[in-house]
**Q** 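Below you'll find the structure I mean.
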Amino acid sequence: MGVHVRRSQVAMVVAAPGVGKSALTLNLAIRSGCRGIYMSADSDEVTQAIRAAAIITGERVQDIEAAYKAGKGERYDQSLREFTRIWFDFDAAPSLSHIEAEITAYAYMYGRWPELIVLDNLANVFDEDGGEGFSGLEATMSFLADLARTTEAAVVVLHHVVGDAESGDQALKLKDVRGKISKLQTLILGLAYTDTYTPQGRAMGVYVLKNRSGMASASGDLMVELEADLDRMLINDMATLEATAALPDEVWDDFKRDFYEAL
């Protein structure tokens, strides 16, 4: 998967609800090989356990859910027990003090700082100083930037978009970031569905809106596509399109018609 986050820097992933920002970031956490902390304020333990099991095993989310409901989830439990590189925290409204305490606890437990710290998502953070709107978001981002420098971790924070961008199917621009928070991040990626179709559905467009280490376009002119198999919570490069590119147009037309009818 073509996503790389540098150590000691803060990256932000923004998208409308349901596009897949949590799926993309959970893939990054599980498949990157990094050791770290995933602070899942926006999703509960059961939801993330099923998503993680799908990524690890490659099986469908609905099949895993059905297995657990039938009392046959032992092998998924075993897969999750064997995956110990990521420490999950499920506080629904973590304060900055809580985040700092979790990371300190991780350091005491393992004798090292985490390599990756994920905050899912920014809007869930409780500001103990009472900051609201832009000032509250800015204070949290300043804290995360200091945290990245102190721990030398890659810090990834998830956030929302505003306006027409909330449709989830149009090109994103830097101005679409909720609260206009963009100064302290080293990398800002925006996610939206594109008009490209794969056997799994519409492709996920990743817009590079800010990138201090390389190319970017605040107007949304720089985008790469990823194959989003959200049935299995897997985000991959578009390699599978090479095998299907020769399909007749009428096959793709039928597929797109059926896809929209199923929505």
Side-chain angles (χ1 to χ4, degrees), residues 1-6 11-34 51-64 116 118 120 154 156 158-159 161 165-174 176 186-211 213-263:
M1 183 174 61
V3 176
H4 177 67
V5 182
R6 295 175 180 271
M12 176 175 277
V13 180
V14 300
V19 172
K21 57 182 178 293
S22 293
L24 176 71
T25 310
L26 191 59
N27 270 261
L28 173 66
I30 291 176
R31 299 169 66 187
S32 66
C34 291
R51 289 174 175 175
I55 294 171
I56 293 168
T57 64
E59 298 184 32
R60 296 192 305 170
V61 168
Q62 66 180 45
D63 292 337
I64 298 172
L116 174 68
V118 175
D120 183 3
V156 181
L158 280 60
H159 194 36
V161 293
E166 291 184 291
S167 66
D169 60 359
Q170 67 176 43
L172 293 186
K173 300 176 175 58
L174 192 60
D176 295 324
T186 303
L187 176 69
I188 300 178
L189 302 177
L191 309 182
Y193 289 121
T194 73
D195 291 330
T196 299
Y197 289 81
T198 77
Q200 286 72 38
R202 294 177 71 177
M204 175 185 289
V206 182
Y207 295 83
V208 186
L209 304 177
K210 180 180 179 181
N211 182 12
S213 302
M215 297 177 61
S217 172
S219 59
D221 294 328
L222 180 59
M223 184 269 284
V224 295
E225 290 182 314
L226 296 176
E227 187 178 76
D229 183 357
L230 296 185
D231 282 345
R232 293 174 172 79
M233 296 302 292
L234 292 174
I235 312 295
N236 292 304
D237 293 328
M238 295 288 282
T240 57
L241 284 185
E242 297 175 3
T244 59
L247 288 176
D249 290 341
E250 59 268 26
V251 174
W252 282 113
D253 289 341
D254 290 343
F255 170 79
K256 287 187 284 186
R257 184 192 65 246
D258 294 341
F259 178 83
Y260 277 117
E261 288 177 353
L263 291 179

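Just so you know, residue 1 is the first one in the sequence shown, and it goes up from there.
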**Q** If you define the side chain from C-beta out and look only at heavy atoms, does anything of D237 sit under 4.5 Å from V224?
**A**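 Heavy-atom side-chain distance check fails, nothing below 4.5 Å.
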**Q** How long is the straight-line distance from OH of Y193 back to CE of M204, given to the nearest 0.5 Å?
**A**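 Reported value, rounded in 0.5 Å steps: 6.0 Å.
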**Q** Ignoring hydrogens, what is the shortest heavy-atom contact between A192 and Y207? Give both atom names and the distance.
**A**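 Closest heavy-atom pair between A192 and Y207: CB-CE1, 4.1 Å.
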**Q** Does T194 have any side-chain contact (heavy atoms from CB on, under 4.5 Å) partners at least two apart in sequence or in another chain, and if so, which?
**A**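 Here the qualifying residues are T196, A203, M223, E225.
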**Q** For D63, give me all partners under salt bridge (charged side-chain N to carboxylate O under 4.0 Å, His left out), at least two apart in sequence or on another chain.
**A**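 Scan of D63 (salt bridge (charged side-chain N to carboxylate O under 4.0 Å, His left out), adjacent residues dropped) gives R60.
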**Q** Can you check whether I55's main-chain N or O pairs, donor with acceptor, with R31's side chain at less than 3.5 Å?
**A**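 Here the side-chain-to-backbone pair does not exist.
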**Q** According to side-chain contact (heavy atoms from CB on, under 4.5 Å), who are the partners of E166, at least two apart in sequence or on a separate chain?
**A**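 Counting only residues at least two positions away or on another chain, E166 forms a side-chain contact (heavy atoms from CB on, under 4.5 Å) with V161.
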**Q** Got a second to check how far L172's CG is from I188's CD1, nearest 0.5 Å?
**A**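 With rounding to 0.5 Å, CG (L172) is 11.5 Å from CD1 (I188).
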**Q** On a heavy-atom basis, which atom in A53 and which in I64 lie closest, and how many Å separate them?
**A**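 The answer is C-CD1, 3.8 Å.
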**Q** Please report the closest heavy-atom contact between N27 and A23, naming both atoms and the distance.
**A**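 Distance-wise, the nearest heavy atoms are ND2-O, 2.8 Å.
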**Q** Taking side chain as C-beta onward, heavy atoms only, is T198 less than 4.5 Å from M238?
**A**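 Sidechains of M238 and T198: in contact.
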**Q** Please report the closest heavy-atom contact between L116 and C34, naming both atoms and the distance.
**A**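 Looking at all heavy atoms of both residues, the shortest contact is CB-CB, 4.0 Å.
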**Q** Please enumerate all residues that pass side-chain contact (heavy atoms from CB on, under 4.5 Å) together with I56, with sequence neighbours excluded.
**A**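 In terms of side-chain contact (heavy atoms from CB on, under 4.5 Å), with neighbours along the sequence ignored, I56 is linked to I30, S79, L80, F83.
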**Q** Kindly write out the residues that satisfy side-chain contact (heavy atoms from CB on, under 4.5 Å) with R51, not counting sequence neighbours, or none if the list is empty.
**A**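 Counting only residues at least two positions away or on another chain, R51 forms a side-chain contact (heavy atoms from CB on, under 4.5 Å) with S22, L26, S43, T47, Q48, M233.
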**Q** What distance separates L189 CG from K210 NZ, expressed to the nearest 0.5 Å?
**A**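 The CG atom of L189 sits 12.5 Å away from the NZ atom of K210.
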**Q** To the nearest 0.5 Å, tell me how far L226 CG sits from L191 CG.
**A**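 Output value for this atom pair is 8.5 Å.
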**Q** So, taking the atom named CE in M215 and the one named CG in D221, what distance separates them when rounded to the nearest 0.5 Å?
**A**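 Rounded to the nearest 0.5 Å, the CE-CG separation comes out at 10.5 Å.
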**Q** Excluding sequence neighbours, so at least two apart, what forms salt bridge (charged side-chain N to carboxylate O under 4.0 Å, His left out) with D120?
**A**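 Listed in chain order: nothing, the list is empty.
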**Q** Locate the shortest heavy-atom distance separating K173 from D176; write the atom from each residue and the value.
**A**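 Minimum heavy-atom separation between K173 and D176: N-OD2, 2.8 Å.
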**Q** Kindly compute the distance separating CG (N211) from OG1 (T186), expressed to the nearest 0.5 Å.
**A**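 With rounding to 0.5 Å, CG (N211) is 8.5 Å from OG1 (T186).
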**Q** How close do E227 and P199 get, heavy atom to heavy atom, and via which atoms?
**A**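 What the structure gives for the nearest pair is OE2-CD, 4.5 Å.
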